[in-house]
Q: 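Questions regarding the structure given below will be posed in turn.
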Amino acid sequence: MFKIVSKQKLAPKEFDFWVEAPRIAAHAKAGQFVVLRVDDNGERIPLTIADYDKDKGLIRLIFQVVGKTTAAMSTLSAGDCLRDISGPLGTPSEIENYGTVMMVGGGVGIAALYPIIKALKGAGNKVVTILGGRTSSLVIMKDECRKYSDELIVTTDDGSEGMRGVVTEAMKMVVERGDKVDRCWCIGPSIMMKFGTKAAKELGLPIWVSLNPLMVDGTGMCGCCRVTVDGKIFFACVDGPEFDGHKVNWDEFMSRLRQYKDEEKISMEKFEA
Ligand code: FES
């Protein structure tokens, strides 16, 4: 059992847990994730390790309520326990001093971007971070990302904070004003990563994305998380979750994400009944 030591609500459907998991915290690196079950009968879901404290033996899990399991998880409080957590899983981010990095995030993907921002800043990069959302209150972790960024640009669809518009417009603005960007990361909803990749292509930038397919074991055995990259099949849980965005087959990836929508809806309706 893994005890939740704190719980915070970051946005209407986004929650932030610090959880006791000393062995995972001891080995965690930026870009990795865990697979957890909320209770004995629960499904296994992957969540990015948003942060970790090796000294206190804690990991931070930030999640959005998107279905039955995350809805059940959101009802837990500090002092409650998660049934089991496996990790750290996945290949860590490639952290080097690239020069200038552009870090683009949206939705709960910002939680996955944050540890990479921290690690890249620690490696000596100039970090330009762009965070976007429909409205100001949905753009999470701004202060934390700002702490490790040389510049933080916020975009909102409704203009309630920062630039009115979407993250791809801010990406173009940074390049057009003359910044030489050496590498980008873009993590967020699949549609944002697809269009972030398209913008990076037009701007001639290398871009890394973090794919979040359905997962079961998280160790390369079930094949549930397969994705096509550069015409070849990879398992996101062991070969990723980060891939070269320019090589991802986005249409296939997004269609596989929708594969169990009907079953997910039924499961959520039963949970709410
Ligand atoms: Fe089973 Fe990746 S989750 S192979």
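Computed over heavy atoms, backbone and side chain alike; hydrogens, waters and symmetry mates excluded. Atoms within a ligand are numbered from 1 in the order they appear, just like the ligands themselves.
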Q: Could you check Ser136 against Ser160 for side-chain hydrogen bond (donor to acceptor under 3.5 Å, both in side chains), going step by step and ending with a plain yes or no?
A: CA-CA 6 Å; Ser136 174; Ser160 52; 4.8 Å; no
Q: Which of the protein's N, O or S atoms come within less than 2.8 Å of atom 2 (Fe) of ligand 1, not counting waters?
A: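 Checking every protein N, O and S atom gives Cys225 SG, Cys237 SG.
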Q: Between Lys118 (side chain only) and Ala30 (backbone N and O only), is there a donor and an acceptor less than 3.5 Å apart?
A: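 A pair under 3.5 Å: no.
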Q: Main chain of Ala28, side chain of Lys54: is a donor-acceptor contact present, judged purely on distance under 3.5 Å?
A: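 Checking the backbone N and O of Ala28 against the side chain of Lys54, a donor-acceptor pair under 3.5 Å is found.
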Q: With under 30° as parallel and over 60° as perpendicular, where do the rings of Phe234 and Phe243 fit, or are they tilted in between?
A: tilted
Q: Side chains of Val35 and Ile85: does their closest heavy-atom pair fall under 4.5 Å?
A: no
Q: Give me the one residue out of Glu252, Arg256, Lys247 that meets side-chain hydrogen bond (donor to acceptor under 3.5 Å, both in side chains) with Thr228.
A: Glu252
